[in-house]
Amino acid sequence: MASTSTARRSIFVVAGIGNGTGTGVATAASLQHIARNPEHLKKTADEIKPTGCEASGKTTEAAAGFPVKAYTHDQLHSAFDAIKKHWPDADIRVGLFNAASGIWKGFLEITPEEIQEAVNVNVVGAFAFARETILAFKDLPLTSAGKRGTLLFTGATAALRGNKTTSAFAASKFGIRALSQSLNKEFGKQDIHVAHSVIDGQIFTDMLKAHSDEAWAQDEAVRLNPGSIANAYLFLANQDRSAWTWELDCRFLLLR
């Protein structure tokens, strides 16, 4: 086993913040954020700064957040380069692919453009993000937990089963799950931990709050809290090499 080192600061890179999970992780750890929505990035950065953490990502202009135009190989390669330049004395130790393109329509109603968007974000984006993350890990010394880094993927119920209106979404989420399982097998022996999380239920986002009554909003047994999901991800990131989890299932108490 190679010598361990934890002297340098660790970076947590998150791609995608729109479903609330990315924001939850952001408030739980220092990170670099990559996303397509500049407003979401700025909002997240503003929320993080009072806690003493810093958030950034990629853009061609100087800004509080760093959006990418799309989750392509070129855009994500540039984003990771920007992150490394922003933190020259730190190492990328955790990557979370949290981006998603959701389509809920009957099969004959789905357009070719919507299918392509689902593939571009959920599959191509996941491949591109995984590549940059693993390349960032490969030459790092082992942490005290015996790993070079942790690559995480946010999954969904649709990664396990399709339904009447989820053909495009489920097909792409199946792809992410298969990718994570393959990478887990390939890179585990290289001291890189790869894990997939099935988020089985509604996440308590700002959008959901706006359309919910107060009693429902206060009942943690009927929805998933972003902060709780973040804690599950941090648990995965801190697992030692004697018992690495590949797949974690997160669900709320009253899910049927």
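A donor-acceptor contact shorter than 3.5 Å links the side chain of E114 to the backbone of T111. Looking only at distances, a side-chain donor or acceptor of R93 sits under 3.5 Å from a matching main-chain atom of R148. Of the possible polar contacts, none joining the H73 side chain to the E132 backbone as a donor-acceptor pair under 3.5 Å is found. With hydrogens and angles disregarded, a donor-acceptor distance shorter than 3.5 Å links the side chain of K147 to the backbone of A237. Proximity of a side-chain donor or acceptor of E117 to a complementary backbone N or O of S101 within less than 3.5 Å is not detected. S78 places a side-chain N or O within 3.5 Å of a backbone atom of D74 that can act as its donor or acceptor partner.
Between F97 and F129, the two ring planes are tilted [angle within 30° to 60°].
Placement of I199 and L234 within a single hydrophobic cluster is found when ILVMFWY residues are connected by side-chain heavy-atom separations under 4.5 Å, directly or transitively. A continuous path of ILVMFWY side-chain contacts below 4.5 Å connects I229 to L248, so both sit in one hydrophobic cluster. When the side chains of ILVMFWY residues are joined at heavy-atom separations under 4.5 Å, either directly or via intervening members, V13 and F127 end up in a single hydrophobic cluster. A continuous path of ILVMFWY side-chain contacts below 4.5 Å connects V119 to F153, so both sit in one hydrophobic cluster. The cluster map of Ile, Leu, Val, Met, Phe, Trp and Tyr, joined by side-chain heavy atoms under 4.5 Å apart, puts V194 and V198 in different clusters.
Between R9 and D89, the closest side-chain pair of non-hydrogen atoms is not below 4.5 Å. Using a 4.5 Å cut-off on side-chain heavy atoms (C-beta onward), F137 and L151 make contact. A 4.5 Å side-chain heavy-atom check between F80 and T133 finds at least one atom pair inside the cut-off. Side-chain contact check for E109 versus T165: every heavy-atom pair is 4.5 Å or farther apart. You'll find the side chain of F235 stays beyond 4.5 Å of the side chain of N231, heavy atoms only. Using a 4.5 Å heavy-atom threshold, the side chains of L179 and H196 count as separate.
K138 and I192 make their closest contact through CG-CD1, 4.2 Å (heavy atoms, listed as atom of the first residue, atom of the second, distance). Minimum heavy-atom separation, A70 to Q75: O-CB, 3.2 Å. The shortest heavy-atom contact between A118 and I103 is CB-CD1, 3.9 Å. Taking every heavy atom of both residues into account, G125 and L76 meet most closely at O-CD1, 3.8 Å. When all heavy atoms of N98 and G16 are compared, the pair lying nearest together is ND2-O, 2.9 Å. Heavy atoms only, all atoms of each residue included: S172 and N122 are closest at OG-ND2, 2.8 Å.
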For this session: Let me see the working for Q239 and T150 under side chain to side chain contact (heavy atoms under 4.5 Å, CB included), right down to the final yes or no.
Result: CA-CA 9 Å; Q239 279 187 316; T150 304; over 6 Å; no
For this session: Applying side chain to side chain contact (heavy atoms under 4.5 Å, CB included), run through Y71 and V124 and close with a yes or a no.
Result: CA-CA 7 Å; Y71 293 111; V124 176; over 6 Å; no
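Residues satisfying the side-chain hydrogen bond (donor to acceptor under 3.5 Å, both in side chains) test with N163, not counting sequence neighbours, are none. With sequence neighbours left out, the salt bridge (charged side-chain N to carboxylate O under 4.0 Å, His left out) criterion links K69 to no other residue.
Side-chain contact check for D240 and S242: at least one donor-acceptor pair (N or O, by modelled atom type) lies under 3.5 Å. Checked by atom type, the side-chain pair T154/Y233 shows a donor-acceptor distance below 3.5 Å.
Atom CZ of residue R241 and atom NE2 of residue H193 lie 11.5 Å apart, to the nearest 0.5 angstrom.
Annotation: F174, atom CZ; neighbour count of heavy atoms from other residues, nucleotides and ligands within 6.0 Å is above 12.
Residue pairs meeting the side chain to side chain donor-acceptor pair (under 3.5 Å) criterion with at least one partner in residues 178-189, sequence neighbours excluded, are S180-W246.
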